[in-house]
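In the text below, chain A, chain B and the rest are named by the order of the sequence lines, each starting its count at 1.
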Amino acid sequence: MIRQGILALLALFLLLASSADLLAAAAADVKLYIVTDYRYLPGKDKGDPVMGQSLCGTRCNALSTNYLNIVEPGGWRLIKIADGRVLTVPLNNPFMGGDCVCVVDEYVVKVDHLNKP
Amino acid sequence: MKYHLPWLNCLLLFALVLTICPASPAVAAPVTYKRTVEKYQIPDVILTNQFGKKVRLKTLLESGRPVAVDFIYATCTTICPVLSAGYTNLQRKLGPDSARVQLVSITIDPENDNPRVLKEYLQRYQARPGWDFLTGSRKDIDRVMHAFDAYFRDKMDHKPLTFIRGADGSWIRLYGLISSSEFLAEYKKAGLL
Amino acid sequence: MTLPTKLPTERVSLLLLSVLLYVALSAAVWAAPVAAPSDETQRLGEQMYRKGMLPSGAPIKAYVSGDVPVDGTSFTCVSCHLRSGLGSIEGEVITPPTNGRVLYQPRKPFIPGSEFVPSYANYAKYLPVRPAYTDDSLAALILTGIDPTNRSVLKVMPRYDLGEKDMAIMISYLKSLSDQPPPGVTRDEIRFATVIVEGTDPVAVQSMLAPLQFSIDRKNSLSTAAEKNHRVARMGYNMLGDLSALKFSLSRWTLKGAPATWRAQLEEYYRKEPVFALLGGISEGEWEPVHRFCEEKKIPNLFPVVDYPVLSDTDWYTLYFSRGVRQEGEAAARYLYGMAELFKGRPVLQLYRANPKGQALAAGFRDSWKSVGGGAMTEVRLPANEKLTTKKVLKLINRKKPAALVLWDDAASLPALTGLAAQKNRPGLVLASGTYLGKALWTIPEELRGLLYLTYPYRLPQEDSRFDVNVKRVLQGKPLELYEQRIVRQSYLTGEVLGKALMMMRGEYYRDYLYDVIGMMSDMHYPLYERVSFGPGQRYASKGSYIVQLGSGRNPVLERRSDWVIP
C-alpha cells in the first residue's frame, strides 16, 4: 500500500518536474532592455538636432520593453544583468542619417518558480 | 415680542458658536501648501505642444524668461481646475504682456491628451500666448516626471504640484492645492513679476 | 393677571379655526410630497450642474479661494462631483457626494469595524461629521462656501453666485441626482443583457460570451455559497457589501434583419426586460443603431466587440475597446507626421480599397493628417474588384514621387509592391495595416520587409503570450484554441472591468455612477492591448497602435518602430 503510494508520488513528481522543464525550455531566457536615456549622433549627415533627437527618442524607446508586461501576468521575474549599458544603433530612418546612442539597463526574464500565481 | 424671542436665542447661540469654534480646514484637503527650493536636471526630450509642433523641453524651460511648470491632464476633475485657474489668473494680471512669462503644463495622460485635446483644454481656460500644454511619448513624460520628483505611476494618484523657476536656475516646488492669489504671491516673491 | 375662566364662544371658534387652518397649511407645506420637478427645471438644473451656465445663458459667477473670480464654466459641479453626483477621489482630494439623498442625511462619526460604507467617495473615515442639510443651509453653502458646522470648503470648492430662482432650480436638480434605483436593479439581483447581431460567426459569438458568462456564473456561485455559509456571507459582506448577496443575470438579445429594424427590436427587448446595463455585444458590421438606442435610453453598454464604433467626443453611454479599425489609420498619420519635415515637399500617396475597412483606415489617416497640418497628400481609391498591379503602382510612384506610400488593402496587393525597393522614385517607406493583412502578415516576402511598416494595434505576440495563463482561467477548462483569440481576450477585459467597477460602486448601483467609477480606474495591463486607460468622459479604452516591421528569417517576430501612443 505504502509502496504504491510512494510510486504514485514519484510518478507525480516526475511529471511535474518534466512539465517545469518544458515550461522553462519553452520560455528560454529572454533578454530585454529598459531605456533610461538617449542621444542623437548626427554623423556626416548633419541632420536637424531637434528632429534627430525626436527620432532617436522613438528609436530607443521602441527598443525598450514595458516591465509591466512581464510582471502583470504573474509567474515571471525580471533580473537585472547590466546597468547603464551604452548601445549605439543606426537611426534607420529612410529620410535621415545618423546614429542613436541608447543607454539601457539590461534584464533577463525568468520563470518565477518561487512565487507561482 | 413673544414671537421674536426664539429667533433671538438662535442668533445668540450662533454668535457663541462662532466665537468658540476656530476656522476648520476644508474638506479632506491640506491646509496650506509646502514650499521648498530644489535643483532638478531637465532631461533632453522632445515633447509635442498643442499645435502638434516638436518642442525641446530644455530650450523651453531654460529660455531666460520666467517659467512655471505644472503636471495636469485634460480630463482631470478636481486638482487641475484649481491649478489651471492659477495660470489663468496670472495671465490675466499680465494683460497683453502674457507671452513675457512661459507657463508650461505637461500632461500625465499622454494616452488621451493629443494636441487637439490640449488645445481644447487651453481654450477652456482662456489661455493666452505664453501658456503651452505639452504631451509626448509615455517614457519621455515619465522621465520628465522623475526629473521633477513628481512621478506618479498612475494619473489617478497624482498630487497638486507647481514649480517656479528661480533666476538662478533652481526650482521653487509648491506642493498642495495652491490658490490663485497664493500662486500670484509666490510668483512675485520669486522676483519674476 | 388672572385668566378668564370662560372664553367667549366666537373667540373660541375663531381660535379653533385659525389653529385648524395653521395645521392644514403646515401639513400642506411640510407633509405633502415635493412636486416632481418639471422637465424644464431638470434641463436648466442639468445645464447649471454640467456646463456652469445659468438659465439666462450667462456663465455662473464663481469665486475661488481669495475671492478670485472665475467662470463657472471652468469650475463646473460635474467636474468634481461627477455626473452621478456621488463624488470622486483623485490623488489625495476626496470630493463627497452632492446628491440630495446623501446631503439631506446627517453624516455620522465613522466607527472602525462597523458596517460597510456605501459609495466610493463617501469615504466616511476621512469626511467630517455634519448634520443633515436643509434647503436653507444648502443654499448658504453654495453661496458662501460655509457648511452647517461652520467649516469653509473654499480651499477646494468655489462659491457660486446664484439668485433665488436659480438656486431653487439647482437644489431641485441635486435632489433628483442618483435618487431612485435604476431599472434592472432590485434588492436581489442586477440584470444585464448582451446584444448579438444574427449571422455573426458562431465562434466569434462564443468567444465574446465565454468570459462574460464566466464572470456572471462565478459571481452567482459566490452568492450561493454566501447563502449557505454564514462565514462566507460575513466575509463577503465586509469586502463587498450587498454585492456579495446579489445575483446577476445575462440575457441574450439577438438582432435580426436589416439595421434599420434593430431599434424596434431593442425597444421590445428592453420593454420586456429592463436591464441595468448591456455587457459586450458583437457585430461584424454596423453598430450605430445600438449606440443610439443606448444613448437615448441612457443604458450603459460596456465594450461591444465591433470594428466600427461610433466616434464621439461627447456621447456618454457606450464604452469601446478602441476607435476601431480607423485608429490604425490615425496612428499611421501621426507616425508619418513625426518625420514629415524631412519629406522636402514630396507628398504622401494614400491607396485604399473601396470597402468599409479600407475606407475607415483611409478616413482615419486623412482626418488625422489634416488636423495636425500635414503637408501635401494625394489619394487613389481602388474599386472593390480591381486587382492592384505592379504596373499601376509604378505608374503612380513615377507620377507623384511620394515620400511615403500608404496602402490600405489585404495581402492580395502585396505582390504589386515587388521591385519597388529598386525604383528610382521609390517612397521612403510603405505603410499598411497589420490587421488587414491578417495571417499573411507573417509571410511578407523578405525583400519587402525593410520597406514595409505596419500598424499593429495590440501588444506584440511574443509578449502577449505571457498573458495566456490569465485568459485560460476564464474558459472553465476549455482549450484556448477553440476561440477567436482577439475576441476572447477582449471579453476577458470586459469581465475584469465590470467586476472592479461593481466593487468600487459600493452599493450605489446607478448607471451614471458606473461610468463615473470607471473614469476613476487606474490604467490596466491586461491581455491583448499594450495598455488600457480610463478617465472621466473617456470612452475609448485602448488609445494606441504600434508601428512595426516584420523581422528577417523564417521565424520572424514583429519589431517595434514606434511607441504605443504616438504623440
Where does A:N92 contact chain C at under 4.5 Å (heavy atoms): side chain, backbone, both or neither? backbone
Less than 4.5 Å apart, any side-chain heavy atom of C:I518 and any of C:M521? yes
Contact leader toward chain C among A:N93, A:L63, A:D48, A:L32, where contacts are heavy-atom pairs under 4.5 Å: A:N93
Greatest number of non-hydrogen atom pairs under 4.5 angstrom with chain C, of A:N61, A:L68, A:T58, falls to A:L68
Answer with side chain, backbone, both or neither: which region of C:E559 has an atom nearer than 4.5 Å to a non-hydrogen atom of chain A? neither
Are the side chain of A:W76 and the backbone of A:N69 linked by a donor-acceptor contact shorter than 3.5 Å? no
With a 4.5 angstrom heavy-atom cut-off, could you sort out which part of A:T65 is near chain C: side chain, backbone, both or neither? both
Which one of A:G47, A:P94, A:S64, A:S54 has the most heavy-atom pairs closer than 4.5 Å to chain C? A:P94
Checking the side chain of A:Q53 only, and the main-chain atoms of A:Y40 only, is there a donor and an acceptor separated by less than 3.5 Å? yes
Taking the six-membered ring of C:W564 as reference, does the cationic atom of C:R531 (NZ for Lys, CZ for Arg) lie under 6.0 Å from its centre and within 45° of its axis? no
Which is it for C:R560 and C:E463 under the salt bridge (Lys or Arg N to Asp or Glu O under 4.0 Å) test, yes or no, and what are the steps along the way? CA-CA 12 Å; C:R560 280 187 288 265; C:E463 291 175 14; 3.5 Å; yes
